[in-house]
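Encoded as structure tokens, the structure appears first; notes follow it.
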Amino acid sequence: RKEVEQDPGPFNVPEGATVAFNCTYSNSASQSFFWYRQDCRKEPKLLMSVYSSGNEDGRFTAQLNRASQYISLLIRDSKLSDSATYLCVVNGGDTGRRALTFGSGTRLQVQP
Amino acid sequence: SQTIHQWPATLVQPVGSPLSLECTVEGTSNPNLYWYRQAAGRGLQLLFYSVGIGQISSEVPQNLSASRPQDRQFILSSKKLLLSDSGFYLCAWRVRTANSPLHFGNGTRLTVT
């Protein structure tokens with residue numbers, strides 16, 4: 001089983017739609033979680049951290065379910081500019097080495 | 001504020017030629033530094049990480065090497081490039097605390113011909 005798994009998509013949604021991605025992780029000791037956004041041929045950029053109680057940033061909502069070992073990202077009122085690949089990142093808690101494990105990403109295509 | 005610089009942005013090199021990619025971080029001290037590679041249409045592969053000057057850990061055996069001659073400088077090298085070394089190389093840094101996120105440079109797109 002992969003350490004971090006994501007549905008690769010693509011998720012094709014119309015503008016204004018609500019879309020949700022899930023990401024599962026295998027290490028129950030994982031301590032922190034992030035969502036990154038990567039545009040085509042660009043570097044990944046931090047979208048938001050995921051907190052235990054869930055958190056919201058504008059149209060984006062992140063949730064953590066420790067019991068089932070998954071995190072989710074909800075995008076409301078999708079914009080064309082939301083089209084990108086969304087990477088789930090899990091931190092095993094080690095401060096030094098390869099603590100951060102990346103999922104392979106979920107591709108979102110918002111259509112007019 | 002912290003910034004990370006990575007260069008060059010693109011590079012085309014023949015098989016067998018050497019490689020040197022450089023990355024510097026500003027606005028922070030004692031960062032953890034990382035080199036990742038992303039093949040076309042694939043996920044991120046961790047190549048090297050460093051927790052301090054001269055301290056390099058390799059994740060994947062290959063013909064690449066890394067060095068950290070200064071606290072905020074990270075260099076990726078190869079003596080002889082292979083076709084399979086083509087890809088998108090990303091330098092990243094993070095604060096040395098357990099729950100800090102990674103911050104990436106703009107990346108170098110390497111094509112080995």
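Lettering of chains follows the sequences in order, A, B, ..., and the numbering in each one begins at 1.
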Quiz prompt | chain B contact via A:Arg41 - side chain, backbone, both or neither, heavy atoms under 4.5 Å | solution = both
Quiz item: CZ of B:Arg94 to CG of A:Leu46: how many Å apart, nearest 0.5 Å?
Solution: 12.0 Å
Exercise. Locate the shortest heavy-atom distance separating B:Tyr36 from A:Leu100; write the atom from each residue and the value.
Key: OH-O, 4.0 Å
Exercise. Counting only heavy atoms closer than 4.5 Å, note whether B:Arg109 contacts chain A via side chain, backbone, both or neither.
Key: side chain
Quiz item: Side chain, backbone, both or neither: which part of A:Tyr36 has a non-hydrogen atom closer than 4.5 Å to chain B?
Solution: side chain
Quiz prompt | Rounded distance (nearest 0.5 Å) linking atom CD of A:Glu43 with atom CG of B:Asn106 | solution = 4.5 Å
Self-check item: Separation of B:Leu44 CG from A:Leu87 CG (nearest 0.5 Å)
Solution: 6.0 Å
Quiz item: Same cluster for B:Ile56 and B:Ile53 if Ile/Leu/Val/Met/Phe/Trp/Tyr side chains link at under 4.5 Å?
Solution: no
Quiz item: By a 4.5 Å heavy-atom criterion (distance strictly below it), what part of B:Leu90 contacts chain A: side chain, backbone, both, or neither?
Solution: side chain
Quiz item: Sequence neighbours excluded, which residues qualify as side chain to side chain contact (heavy atoms under 4.5 Å, CB included) partners of B:Ser86?
Solution: B:Val112
Quiz prompt | A:Tyr70 with A:Leu108, same ILVMFWY side-chain cluster at under 4.5 Å | solution = no
Self-check item: Side chains of A:Gln38 and B:Gln38, donor plus acceptor under 3.5 Å
Solution: yes
Practice problem: May I ask whether A:Leu74 and A:Val110 are part of the same hydrophobic cluster, defined by side-chain heavy atoms of I, L, V, M, F, W, Y residues being less than 4.5 angstrom apart, directly or through others? | Solution: no
Self-check item: Transitive ILVMFWY side-chain link A:Tyr51 to A:Val90, under 4.5 Å
Solution: no
Quiz item: Which bit of B:Phe88 is near chain A, if near means a heavy-atom gap under 4.5 Å: side chain, backbone, both or neither?
Solution: side chain
Quiz item: Do B:Ile75 and B:Tyr89 share a hydrophobic cluster (ILVMFWY, side-chain heavy atoms under 4.5 Å, transitive)?
Solution: no
Quiz prompt | Leading residue by heavy atom contact count with chain B [cutoff under 4.5 Å; candidates A:Gly105, A:Gly103, A:Pro44] | solution = A:Pro44
Practice problem: Please name the pair of heavy atoms, one in B:Pro101 and one in A:Phe34, separated by the smallest distance, quoted to 0.1 Å. | Solution: CB-CE2, 3.6 Å
Quiz item: Under the side chain to side chain contact (heavy atoms under 4.5 Å, CB included) test, which residues partner B:Ser17, sequence neighbours left out?
Solution: B:Gln13, B:Pro14, B:Leu81
Quiz item: Taking C-beta and beyond as the side chain, do B:Asn99 and A:Phe33 meet within less than 4.5 Å on heavy atoms?
Solution: no
